[in-house]
Amino acid sequence: MAGDARRPVDVLVVATGSTPGNRRSDTDLITALEELGLTVAVASSDFGLVGSLRMSLNLIDLTQAVSIRLAVGRVLRRVSPRAIIYGSGSAALLEPSSRLRIAGVRFDSLGVDNRPGRRHMLQRALQRRIVDRAALMIPMSRTSPPPAIVTRNPRPPVALPTPVERFGASAGLRERIAVCYAGAPEKKGLGVIVEAWAAVPAYELHITGIDAAAGRAFLARRGIEEPPRVRWRGRLDRDEYRTLTSTAELFVAAARYEDYGIAQLEALADGALLVTAASAGPYDALALARQLAPELVASERSPGALAAAVRAAERLDEATRDAYRERAQVLVAPYTRESFTARLRDELLPELFAAAG
């Protein structure tokens with residue numbers, strides 16, 4: 001818009017806001033950009049209604065994409081950004097080429113991985129278009145190679161992991177409890193974890209992210225009996241949740257597909273031992289778990305294999321546990337806020353501004 005009165009800004013952040021993880025990731029990015037002295041505008045949309053409706057993934061993706069396109073259009077009537085950063089691949093699904101040409105697109109996974117089958121063909125086609133036209137692709141995973149489709153973009157991707165901060169002490173006496181997160185119980189493998197607990201006598205399992213009524217109904221529909229030593233903690237606020245992972249011996253995970261695994265990285269930062277299935281997806285904490293103690297990675301995603309990995313954790317002596325926690329702090333160091341800001345300043349922004357012209 002030559003001659004218009006739009007305010008120039010360095011970066012327009014398109015904040016997806018569809019999940020707590022998205023909102024936290026967007027906030028971390030906006031804060032870091034401002035701390036680097038850049039001018040930032042934000043476009044966002046409220047997906048509360050969409051999240052409350054029983055809609056297919058196709059319809060949710062497209063409804064959110066329409067909402068984002070309208071929100072970005074409103075902001076672009078007021079500002080003229082050097083570059084745009086979309087908080088997720090789904091946020092950019094319906095964006096015009098004129099926006100994508102100056103845009104970096106953050107993603108944990110793409111439709112080629114997490115939207116299989118004929119019914120998701122449209123999303124995959126739209127995401128191929130994003131890869132072809134975006135100025136830069138920005139995976140969140142440091143340890144997993146991006147999908148092969150990303151090579152269609154002429155510029156190499158620049159990873160920008162979500163920052164992880166240690167909440168509490170990583171050493172010292174810890175409670176004989178294990179924590180799991182089951183906000184999406186089918187995806188997060190709640191059934192596998194609960195079935196495994198019938199064979200794990202040493203630890204009390206604290207299930208977060210879902211209340212007792214919803215969790216028990218989920219198990220009942222699958223014919224899974226709730227064993228002893230299970231405590232339903234529901235949806236905890238952030239401080240309550242991190243206090244739990246800072247005092248627990250174990251964090252247990254058995255997701256079918258792990259888009260990134262921020263909860264597992266936080267648990268490692270907080271000093272919990274990570275017992276996990278080898279979930280598919282760009283699961284950063286899985287590589288760390290294998291380096292720390294491969295015997296705590298289940299040989300398959302089954303109750304028996306997961307229970308065996310928990311028992312392996314139980315057999316570790318205190319000196320080995322302390323060494324595990326010390327090594328975990330080294331491995332999560334590249335995920336600190338300082339590392340995030342440095343990577344943003346030294347790698348991502350120079351590439352993005354160069355690509356955006």
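Residue indices begin at 1 and follow the sequence shown. These values consider heavy atoms only, across backbone and side chains, with no hydrogens, waters or symmetry-generated copies.
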Measure the [atom1]-[atom2] distance between [X] and [Y] for me, rounded to the nearest 0.5 Å.
{"X": "Ile102", "Y": "Leu100", "atom1": "CD1", "atom2": "CG", "answer": "9.5 Å"}
{"X": "Leu296", "Y": "Phe251", "atom1": "CG", "atom2": "CZ", "answer": "14.0 Å"}
{"X": "Arg343", "Y": "Thr341", "atom1": "CZ", "atom2": "OG1", "answer": "12.0 Å"}
{"X": "Leu190", "Y": "Tyr181", "atom1": "CG", "atom2": "OH", "answer": "12.0 Å"}

Going by the rule salt bridge (charged side-chain N to carboxylate O under 4.0 Å, His left out), which residues pair with Glu35 if we only count those two or more places apart in sequence or in a different chain? none
Is the cationic atom of Arg142 (NZ for Lys, CZ for Arg) positioned less than 6.0 Å from the six-membered ring centroid of Tyr335 and within 45 degrees of its normal? yes
Would you kindly say whether [X] and [Y] are connected by a side-chain donor-acceptor distance under 3.5 Å?
{"X": "Arg256", "Y": "Ser279", "answer": "no"}
{"X": "Asp28", "Y": "Ser25", "answer": "no"}
{"X": "Tyr203", "Y": "Glu314", "answer": "no"}
{"X": "Ser97", "Y": "Arg133", "answer": "yes"}
{"X": "Ser141", "Y": "Tyr283", "answer": "no"}
{"X": "Trp197", "Y": "Glu204", "answer": "no"}

Under the 3.5 angstrom rule, does the side chain of [X] hit a backbone N or O of [Y] as a donor-acceptor pair?
{"X": "Arg101", "Y": "Pro96", "answer": "no"}
{"X": "Arg129", "Y": "Ala125", "answer": "no"}
{"X": "Arg6", "Y": "Val79", "answer": "yes"}
{"X": "Ser67", "Y": "Thr63", "answer": "no"}
{"X": "Arg78", "Y": "Arg7", "answer": "no"}
{"X": "Arg311", "Y": "Ala199", "answer": "yes"}
{"X": "Thr143", "Y": "Ala287", "answer": "no"}
{"X": "Thr336", "Y": "Ala333", "answer": "yes"}
{"X": "Thr320", "Y": "Leu316", "answer": "no"}

Between [X] and [Y], does at least one N-O distance fall below 4.0 Å, as a salt bridge requires?
{"X": "Arg233", "Y": "Glu240", "value": "no"}
{"X": "Asp259", "Y": "Lys187", "value": "yes"}
{"X": "Glu318", "Y": "Arg325", "value": "yes"}
{"X": "Arg290", "Y": "Glu295", "value": "no"}
{"X": "Arg216", "Y": "Glu226", "value": "yes"}

Pair Leu94, Leu126 - check side chain to side chain contact (heavy atoms under 4.5 Å, CB included), show working. CA-CA 7 Å; Leu94 298 180; Leu126 290 170; 4.0 Å; yes
Are Val330 and Leu274 connected in the hydrophobic side-chain network, where two residues link if heavy atoms are under 4.5 Å apart? no
Could you please spell out the steps behind the salt bridge (charged side-chain N to carboxylate O under 4.0 Å, His left out) verdict for Arg155 and Glu351? CA-CA 9 Å; Arg155 286 183 176 265; Glu351 284 291 324; 3.0 Å; yes
Is there a salt bridge (charged side-chain N to carboxylate O under 4.0 Å, His left out) between Asp270 and Arg174 once you walk through the steps? CA-CA 11 Å; Asp270 289 340; Arg174 303 178 78 88; over 6 Å; no
Using a 4.5 Å cut-off on heavy atoms from C-beta on, say whether the side chain of Val164 contacts that of Arg337. no
Residues clustering with Leu352 (ILVMFWY side chains joined when closer than 4.5 Å, directly or via others): Val11, Val13, Leu29, Ile30, Leu33, Leu36, Leu38, Val40, Val42, Ile85, Leu136, Ile138, Val158, Leu160, Phe340, Leu344, Leu348, Leu349, Phe353
Pair Glu165-Glu266, side chain to side chain contact (heavy atoms under 4.5 Å, CB included): steps then yes or no: CA-CA 7 Å; Glu165 299 297 336; Glu266 288 179 336; over 6 Å; no
May I have the step-by-step check of side chain to side chain contact (heavy atoms under 4.5 Å, CB included) for Leu331 and Gln291, ending in yes or no? CA-CA 9 Å; Leu331 294 181; Gln291 291 180 63; 3.7 Å; yes
Output, in order, the C-alpha distance, side-chain angles, deciding distance and verdict of side chain to side chain contact (heavy atoms under 4.5 Å, CB included) for Arg166 and Gln329. CA-CA 9 Å; Arg166 191 172 74 184; Gln329 297 308 305; 3.5 Å; yes
